[in-house]
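For reference, positions follow the sequence shown, starting with 1.
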Amino acid sequence: MIRHCVFVRFRNDVTDEERAAIHADLEALRSVIDGMAKVEFSANTSPEPFARGFTHGFTIDFRDAAARDAYLVHEAHSRAGARLVAALEGGTDGLMVFDLEIGAECMSRKSVQRFCVNDMHKTTI
């Protein structure tokens with residue numbers, strides 16, 4: 001499974017209603033992109049001082065890398081992404097994206113060491 005993690009800095013003038021509409025656009029992609037699963041949204045709630053100005057984030061779980069890749073090039077993702085970027089401080093400067101392998105895929109990769117997020121420990125393979 002791939003967990004697509006997106007962290008954003010919304011412009012100060014972006015309303016709660018616009019953020020909710022952006023979230024709804026992204027959630028709606030589940031009905032048109034095979035292998036796109038759970039979508040979660042939240043404001044940053046970390047007490048640590050390392051957010052670097054990113055105030056909100058969302059994650060999208062994909063069945064596998066192929067499903068994530070289909071999402072990335074899908075026309076509906078391009079439209080939703082453009083709306084999101086338009087609402088961010090500095091456009092794409094207000095955006096950070098990070099993808100993680102979760103679960104069995106993480107353990108199946110051949111490498112000297114792999115950090116498996118779901119187990120939260122270092123595993124030597």
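- Checked by atom type and distance alone, the side chain of R11 pairs as donor or acceptor with a backbone atom of A86 at under 3.5 Å.
- Evaluation of the salt bridge (charged side-chain N to carboxylate O under 4.0 Å, His left out) rule for R79 yields E75 as partners, not counting sequence neighbours.
- Atom CD of residue E18 and atom CG of residue D13 lie 10.0 Å apart, to the nearest 0.5 angstrom.
- Looking at heavy atoms from C-beta onward, R3 lies out of side-chain contact with I60 at the 4.5 angstrom threshold.
- Under 4.0 Å is where a charged nitrogen must lie from a carboxylate oxygen, and between R83 and D25 at least one such pair does.
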Worksheet item: What's the verdict on side-chain contact (heavy atoms from CB on, under 4.5 Å) for H56 and R19, showing C-alpha distance, side-chain angles and the deciding distance?
Response: CA-CA 10 Å; H56 293 78; R19 283 196 297 271; 3.7 Å; yes
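- Between H4 and Y71 the shortest side-chain heavy-atom distance falls below 4.5 Å.
- Annotation: the span from D61 atom CG to M1 atom CE amounts to 4.0 Å, rounded to 0.5 Å.
- By the 4.5 Å side-chain criterion applied to Ile, Leu, Val, Met, Phe, Trp and Tyr, F54 is assigned to a cluster that also includes F7, M96.
- Of all the heavy atoms in G94 and L88, the pair that sits closest is O-CD1, 3.5 Å.
- None of L84, V97, I22 except one satisfies the side chain to side chain contact (heavy atoms under 4.5 Å, CB included) rule with V8; the exception is L84.
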Practice prompt. Just do the salt bridge (charged side-chain N to carboxylate O under 4.0 Å, His left out) check on D93 and R9 with the steps written out, would you?
Written response: CA-CA 9 Å; D93 287 342; R9 286 189 301 258; over 6 Å; no
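- Two residues are said to be in side-chain contact when any heavy atoms from C-beta on lie closer than 4.5 Å; L95 and V6 meet this criterion.
- Between the CD1 atom of I102 and the CD1 atom of I2 there is a distance of 8.0 Å, given to the nearest 0.5 Å.
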Worksheet item: Is there a side-chain contact (heavy atoms from CB on, under 4.5 Å) between L100 and C5 once you walk through the steps?
Response: CA-CA 8 Å; L100 304 171; C5 307; 4.0 Å; yes
Below 3.5 Å, can you tabulate the donor-acceptor pairs from side chains in residues 40-48 to any protein atom, sequence neighbours excluded?
unit_1 : atom_1 : unit_2 : atom_2 : d
N44    : OD1    : S46    : N      : 3.0
S46    : OG     : E48    : N      : 3.1

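- Scanning both residues, V39 and R30, for their nearest heavy atoms gives CG2-CD, 3.7 Å.
- Note that the CG atom of D99 and the CG atom of L72 stand 7.0 Å from one another [nearest 0.5 Å].
- Between the CD1 atom of I33 and the CZ atom of R63 there is a distance of 11.5 Å, given to the nearest 0.5 Å.
- In plain terms, the two heavy atoms of V14 and A87 that are nearest each other are CG2-O, 3.2 Å.
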